[in-house]
Amino acid sequence: MAFSYQHAGTDTFVPEIFDAELIVQFDPLLVWASRLVSNRKYEGEIRKKGDVVHINSLLRPSVGDYKLPDGMTAQRPETVDQKLPITQAKYLQVLVEDAEKVQLTGGLDSPINQQMIRSLAREADTFMGGIIAQGATALPVIKPTTGSIPQSLYSAILDMMLSLDDNDIPTGRYVVVSSRVKRYLVEHPSIANAAAYGEGGVTANGVVARLAGFTVASTTAMPTGVDIVAGHSEFATYASQFTGFREGQSEKFRADYIDTLHLYGGKIVRFPGMDTKKTDNTFDETKPTKGIVKAAVEWPA
């Protein structure tokens, strides 16, 4: 079957094959935008940049004392609206001599296409990291001495655990650390001794280990001025959609092109009882969330 945008010479090119392959290769490269750190509950149907996904939060009803003759008083459900705007539109376009041959030989596995996929993932991850770091609650700066760096970093993560505990943040938490923090953190016995303290080894989405109720991940896409971020995926959401691969004949070159458009957006999710509701039935988004905390490290000279 020929698609409407295909030219006659390559009408057996099947874009759905590339769509599936791109997602398989794209998702494991993410840390901030991964499901470990950001939920994807509100993706909906994204068609273009500028679309807005609405998130309705139901306010928690109050519990009353039942006694006679007062009986019960009904409460009307009340919601608070949050908007998730799709602000980013990034594209990937590849020139090939023959689109059908590229598909048959695994075109997205070529070195140049792998680099383009990594670039798309890096853009999305850097964007989402900025959203999360901006909305996180700042904890005191970590100031280790030269001989205490591993222990100081480990203690800081335990302080983050306590901060999240104090706000009843559920289990399934994460910690994202910079490469420099990871370099010293793995020296601590709680990370190094995987048999006693958790799972070691590097897997998809930058996961390093698990300890103290956290899945520990590392990324080079760390926001400026932040070295450690801890939280739960319920408090950040990422909406993403690739619009599907197209194939056509280049107007500039004697070649086919293959392209796709990546639309995405992200935000900090607010919750009744934890965030301030304004009179217009929206949340005050100028205040940091209690479900994500961050800290910077003042490294010894």
Side-chain angles (χ1 to χ4, degrees), residues 31-44 52-65 73-87 127-142 156-177 210-217 222-223 225-240 264-296:
V31 176
W32 297 112
S34 71
R35 287 175 170 81
L36 170 66
V37 177
S38 303
N39 73 73
R40 300 196 186 176
K41 294 181 176 181
Y42 312 104
E43 283 189 316
V52 176
V53 179
H54 288 268
I55 304 170
N56 279 315
S57 299
L58 181 66
L59 291 180
R60 181 180 299 175
S62 58
V63 178
D65 293 319
T73 301
Q75 302 172 59
R76 187 179 297 277
E78 186 179 356
T79 60
V80 183
D81 183 41
Q82 301 179 69
K83 295 180 176 65
L84 168 55
I86 305 305
T87 58
F127 165 79
M128 199 61 208
I131 294 287
I132 291 171
Q134 184 177 7
T137 296
L139 298 184
V141 175
I142 306 162
I157 290 176
L158 295 184
D159 289 340
M160 290 180 163
M161 176 187 69
L162 179 60
S163 178
L164 297 176
D165 284 348
D166 287 343
N167 288 292
D168 295 322
I169 307 305
T171 58
R173 303 169 183 174
Y174 66 83
V175 172
V176 178
V177 301
R210 292 179 174 86
L211 79 157
F214 291 112
T215 297
V216 184
M222 209 72 186
V226 180
D227 291 283
I228 308 176
V229 176
H232 194 285
S233 62
E234 288 293 315
F235 294 86
T237 189
Y238 170 71
S240 166
Y264 57 95
K267 76 175 284 89
I268 298 296
V269 181
R270 307 290 174 165
F271 289 92
M274 297 187 69
D275 295 282
T276 305
K277 183 177 78 73
K278 299 193 295 184
T279 56
D280 62 353
N281 259 24
T282 61
F283 286 113
D284 184 355
E285 298 189 359
T286 63
K287 297 180 179 179
T289 177
K290 298 175 183 177
I292 306 172
V293 293
K294 64 181 177 182

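No hydrogens, no waters, no symmetry mates; every other heavy atom, side chains included, goes into these values. The first residue in the sequence is number 1, and the count goes up from there.
- Atom CD of Gln82 sits about 7.5 Å away from atom CG of Asp275, to the nearest 0.5 Å.
- Atoms CD1 and CD1, from Ile268 and Ile131 in turn, are 7.5 Å apart once rounded to the nearest 0.5 Å.
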side-chain contact (heavy atoms from CB on, under 4.5 Å) between Arg270 and Lys277, worked out: CA-CA 9 Å; Arg270 307 290 174 165; Lys277 183 177 78 73; over 6 Å; no
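- Here the CD1-CG distance, from Ile157 to Leu211, works out to 6.0 Å after rounding to the nearest 0.5 Å.
- Contact detail for Ala133 and Pro223: the closest heavy-atom pair is CB-CG, 3.6 Å.
- When all heavy atoms of Leu84 and Gly265 are compared, the pair lying nearest together is CD1-C, 3.9 Å.
- A pairwise comparison of heavy atoms in Pro140 and Ala295 identifies O-CB, 4.1 Å as the closest pair.
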CA sep, side-chain torsions, deciding dist, call: Leu164, His232, side-chain contact (heavy atoms from CB on, under 4.5 Å): CA-CA 9 Å; Leu164 297 176; His232 194 285; over 6 Å; no
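- Heavy atoms from other residues, nucleotides or ligands lying under 6.0 Å from NZ of Lys278 number more than 12.
- Residues passing the ring-ring contact (aromatic ring centres under 6.0 Å, His included) test with Phe214, sequence neighbours excluded: none.
- Judged by distance alone, the side chain of Thr137 and the main-chain N or O of Val293 form no donor-acceptor pair under 3.5 Å.
- Between the side chain of Asp280 and the backbone N or O of Thr282, at least one donor-acceptor pair lies under 3.5 Å.
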Worked check of side-chain contact (heavy atoms from CB on, under 4.5 Å) between Leu139 and Ser163: CA-CA 9 Å; Leu139 298 184; Ser163 178; 4.3 Å; yes
Chi angles and distances behind the side-chain contact (heavy atoms from CB on, under 4.5 Å) call for Ile142, Asp159: CA-CA 11 Å; Ile142 306 162; Asp159 289 340; over 6 Å; no
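- Pairing each heavy atom of Asp165 with each of Arg173, the nearest pair is OD1-NH2, 2.7 Å.
- Taking the centre of each ring, Phe271 and Phe235 come in below the 6.0 Å mark.
- Contact record, Ala33 with Ser38: CA-OG, 4.3 Å, taken as the closest heavy-atom pair.
- Between the Asp227 side chain and the Val177 main chain, no donor and acceptor come within less than 3.5 Å of each other.
- Interatomic distance, Lys267 NZ to Gln134 CD, rounded to the nearest 0.5 Å: 11.0 Å.
- Taking all atoms of both residues into account, the shortest heavy-atom contact from Gly291 to Thr289 is N-OG1, 3.1 Å.
- The shortest side-chain heavy-atom distance between Lys290 and Asp166 does not fall under the 4.5 Å cut-off.
- Ring orientation note: the planes of Tyr264 and Phe127 are nearly perpendicular, at an angle over 60° on the 30°/60° scale.
- Taking the side chain as every heavy atom from C-beta outward, Met222 and Val176 approach each other to under 4.5 Å.
- Rounding to the nearest 0.5 Å places NZ of Lys294 at 11.5 Å from CD1 of Ile132.
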